[in-house]
K.L.:
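Take this structure first; my questions come after.
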Amino acid sequence: MPELPEVQTIVNDLVDAGLVGRYIRAVAIRWPGVIQDMPAATFRRRVTGNRIQAIQRRAKFIVWRLEDASQVLLHLRMTGRLHFARPGSRYAKHEHIAFRLDDGRQLRFHDTRKFGRFYLPADPGAFLARLGPEPLAPAFSARRFAQRLQGRRRMLKPLLLDQQFIAGLGNIYVDEALWDAGLHPLRTADTLQFEDVRRLHRAIRKALRKGLRNMGTTLGTGETTFYSLARNQGRNRDELNVFRRTGSPCPRCRQTIERLVVGQRSTHICPTCQPPPEQT
DNA sequence: AAGAATGTTACATG
DNA sequence: ACATGTAACATTCT
C-alpha cells in the first residue's frame with residue numbers, strides 16, 4: 001500500500017491526531033515477528049515509558065523520535081495500517097502490536113500479510129543514512145539526480161524502485177513518472193540524455209506531489225487496501241494515468257496501455273509515449 | 001481457482 | 001563493485 005505520499009499522509013494524520021507529546025504507557029506485542037532485529041521483550045522494555053517527541057517520515061519509514069533520543073521506525077511494507085482503539089476492546093484479526101498512550105487511547109498496528117516491521121536501531125542516523133535522497137527535498141535538483149545516475153547502467157524501473165538509489169518511490173509512482181517522462185522502464189540509465197534526466201526528475205516530483213495532494217492512492221475496497229487513520233482513503237486512484245489501467249486508452253495519445261513484468265513487478269506503459277529501447 | 005498484490009531482502013550467477 | 005534473476009516472507013483479492 002504505502003509509498004512516499006501514503007506514508008506522509010499517515011504521518012500527517014498521526015500528528016493531527018495528537019500523537020506528538022504522548023507517553024507510551026504500555027506495549028502489547030501479540031506477534032513477536034513484528035519486531036525486527038531485536039527480541040520483542042527488549043523492544044517493549046525500551047519503548048515503554050518513553051515519550052514521542054516528534055513524528056516524521058524518511059523514505060517509506062514512519063519515524064517516532066523518542067525522548068531518550070532513540071527512534072522507533074515503522075515500515076508498513078504492503079498492507080500495514082495504524083489505527084486508534086479503546087484499550088480493552090477486542091483485538092481484530094491481524095492486529096500484531098498495540099501501544100497504550102497516556103491519554104487513554106491505544107494505537108494498534110494491523111497487517112494482513114505480516115510483512116510490516118518495527119525497528120529500534122542502535123544508531124538510527126546510520127540506519128537511515130543508507131537510504132537514497134528524498135525526491136521532494138529542495139536539495140534534490142535535476143543536477144544532483146544526474147550525478148547519481150552517472151555511471152549507472154541498470155534499467156530505469158528497478159533503479160527507481162531501489163531505496164538506496166532514491167527514497168520513497170514504489171510501483172505506482174515509478175510507472176506514473178516514467179509515463180509522464182516518456183521513458184520506457186527497460187531503458188537503462190546510461191542511455192539518458194540530460195534532457196531525459198530533467199524530464200524524469202520533474203515527472204517524479206510531479207507524481208509524488210499529486211499523490212500527496214490527493215492524500216495517497218487507495219486501490220480496491222478490500223481489507224488490504226490503503227487507509228490512513230480513521231479509514232481515510234486517498235483520492236489519487238482516479239487520477240492515475242497508466243498504473244493498473246491495462247487496456248484503457250493512454251490519456252495523452254489514446255493508444256492502449258500495456259502491462260509487462262519488469263524485475264518481478266507489474267509495469268504499465270503506453271507503447272507509443274514510451275518507445276522501447278533498441279535491442280541488439 | 002490460479003495468479004496477482006502499493007515491498008524488501010537474501011542468495012546465486014554473471 | 002555492479003547487474004540481473006529467483007525465491008521467500010503470509011494472506012487476501014480478483
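Order of the sequence lines sets the chain letters (A, B, ...), proteins ahead of strands, with each chain counted from 1. What's counted below: heavy atoms across the whole structure, side chains too, no hydrogens, waters or symmetry copies.
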K.L.:
What is the nucleic acid contact for A/Y173, judged by heavy atoms within less than 4.0 Å: base, sugar-phosphate only, or nothing?
P.N.:
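If one applies the 4.0 Å heavy-atom cut-off, A/Y173 turns out to touch nothing in the nucleic acid.
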K.L.:
Between B/dT8 atom P and A/D37 atom CG, what is the distance in whole Å?
P.N.:
15 Å
K.L.:
Considering only the P atoms, how many Å lie between B/dA1 and C/dC9, rounded to the nearest integer?
P.N.:
24 Å
K.L.:
How would nucleotides 1-8 of chain C be written as a contact map, 5' to 3', with B for base contact, S for sugar-phosphate-only contact and - for no contact, using protein heavy atoms under 4.0 Å?
P.N.:
--SS-BB-
K.L.:
Are any non-hydrogen side-chain atoms of A/D111 and A/H94 less than 4.5 angstrom apart?
P.N.:
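Sidechains of A/H94 and A/D111: no contact.
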K.L.:
With the threshold set at 4.0 Å, does a side-chain nitrogen-carboxylate oxygen contact exist between A/D190 and A/R154?
P.N.:
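No salt bridge links A/D190 with A/R154.
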K.L.:
Taking 4.0 Å as the cut-off, does a side-chain nitrogen or oxygen of A/S266 come that near to OP1 or OP2 on B/dA5?
P.N.:
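True: A/S266 side-chain N/O within range (under 4.0 Å) of B/dA5 OP1/OP2.
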K.L.:
So, A/F115 and C/dC9: ring centres less than 5.5 Å apart, planes less than 30° off, yes or no?
P.N.:
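Yes, the aromatic ring of A/F115 stacks with the base.
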K.L.:
Which of these nucleotides, C/dT11, C/dA10, B/dA4, is closest to any side-chain atom of A/H94?
P.N.:
C/dT11
K.L.:
Measure CZ/A/R117 against P/B/dA10 and give the value in whole Å, please.
P.N.:
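Interatomic distance, CZ of A/R117 to P of B/dA10: 12 Å.
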K.L.:
Tell me: CD of A/Q164 to C1' of B/dA10, nearest whole Å?
P.N.:
13 Å
K.L.:
Would you mind reading off the distance between A/R244 atom CZ and B/dG3 atom C1', rounded to a whole angstrom?
P.N.:
13 Å
K.L.:
Would you give me the side-chain donor-acceptor pairs under 3.5 Å for residues 12-20 of chain A, sequence neighbours excluded?
P.N.:
{"residue": "A/N12", "atom": "OD1", "partner": "A/Q8", "partner atom": "NE2", "Å": "3.0"}
{"residue": "A/N12", "atom": "ND2", "partner": "A/Q8", "partner atom": "O", "Å": "3.4"}
{"residue": "A/D13", "atom": "OD2", "partner": "A/S228", "partner atom": "OG", "Å": "2.6"}

K.L.:
For the residue pair A/L208 and A/P135, what are the closest heavy atoms and their distance?
P.N.:
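For A/L208 and A/P135, the tightest heavy-atom pair comes out as CD1-CG, 3.5 Å.
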K.L.:
Over all strands shown, is A/R259 touching base, sugar-phosphate only, or nothing at heavy-atom distances under 4.0 angstrom?
P.N.:
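Sugar-phosphate: the residue A/R259, judged by heavy atoms under 4.0 Å, touches backbone atoms but no base.
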K.L.:
B/dT8 C1' sits how many Å from A/R58 CZ, rounded?
P.N.:
16 Å
K.L.:
Which residues satisfy the salt bridge (charged side-chain N to carboxylate O under 4.0 Å, His left out) test with A/R152, sequence neighbours excluded?
P.N.:
none
K.L.:
Considering only residues two or more places apart or on different chains, which pairs with a residue in residues 202-213 of chain A satisfy salt bridge (charged side-chain N to carboxylate O under 4.0 Å, His left out)?
P.N.:
A/D180-A/K206
K.L.:
Taking atom P of B/dG7 as reference, at what distance in whole Å does atom CZ of A/F118 sit?
P.N.:
18 Å
K.L.:
Rounded to the nearest 0.5 Å, what separation is found between the CD atom of A/E95 and the CZ atom of A/R108?
P.N.:
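Between A/E95 CD and A/R108 CZ, I get 4.5 Å after rounding to 0.5 Å.
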K.L.:
Can you confirm whether or not the ring centre of A/Y173 sits under 6.0 Å from the ring centre of A/F243?
P.N.:
no
K.L.:
Salt bridge between A/R58 and A/E134, side-chain N to carboxylate O under 4.0 Å?
P.N.:
yes
K.L.:
Measure NZ/A/K93 against P/C/dT11 and give the value in whole Å, please.
P.N.:
9 Å
K.L.:
At under 4.0 Å, does any side-chain N or O of A/K114 touch on OP1 or OP2 of C/dC9?
P.N.:
no
K.L.:
For A/R113 and C/dA10, what is the distance between atoms CZ and C1' respectively, to the nearest whole Å?
P.N.:
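Nearest whole value for this atom pair: 7 Å.
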K.L.:
In dot-bracket form, 5' to 3', how is DNA chain C paired? Count Watson-Crick and G-U wobble pairs only if both distances fall under 3.5 Å, and write | where the partner sits on another strand.
P.N.:
.||||||||.||||
K.L.:
For residues 53-76 of chain A, which residue pairs pass the ring-ring contact (aromatic ring centres under 6.0 Å, His included) check, not counting sequence neighbours?
P.N.:
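Residue pairs passing ring-ring contact (aromatic ring centres under 6.0 Å, His included), neighbours aside: A/F61-A/H75, A/F61-A/Y119, A/F61-A/F127, A/W64-A/F99.
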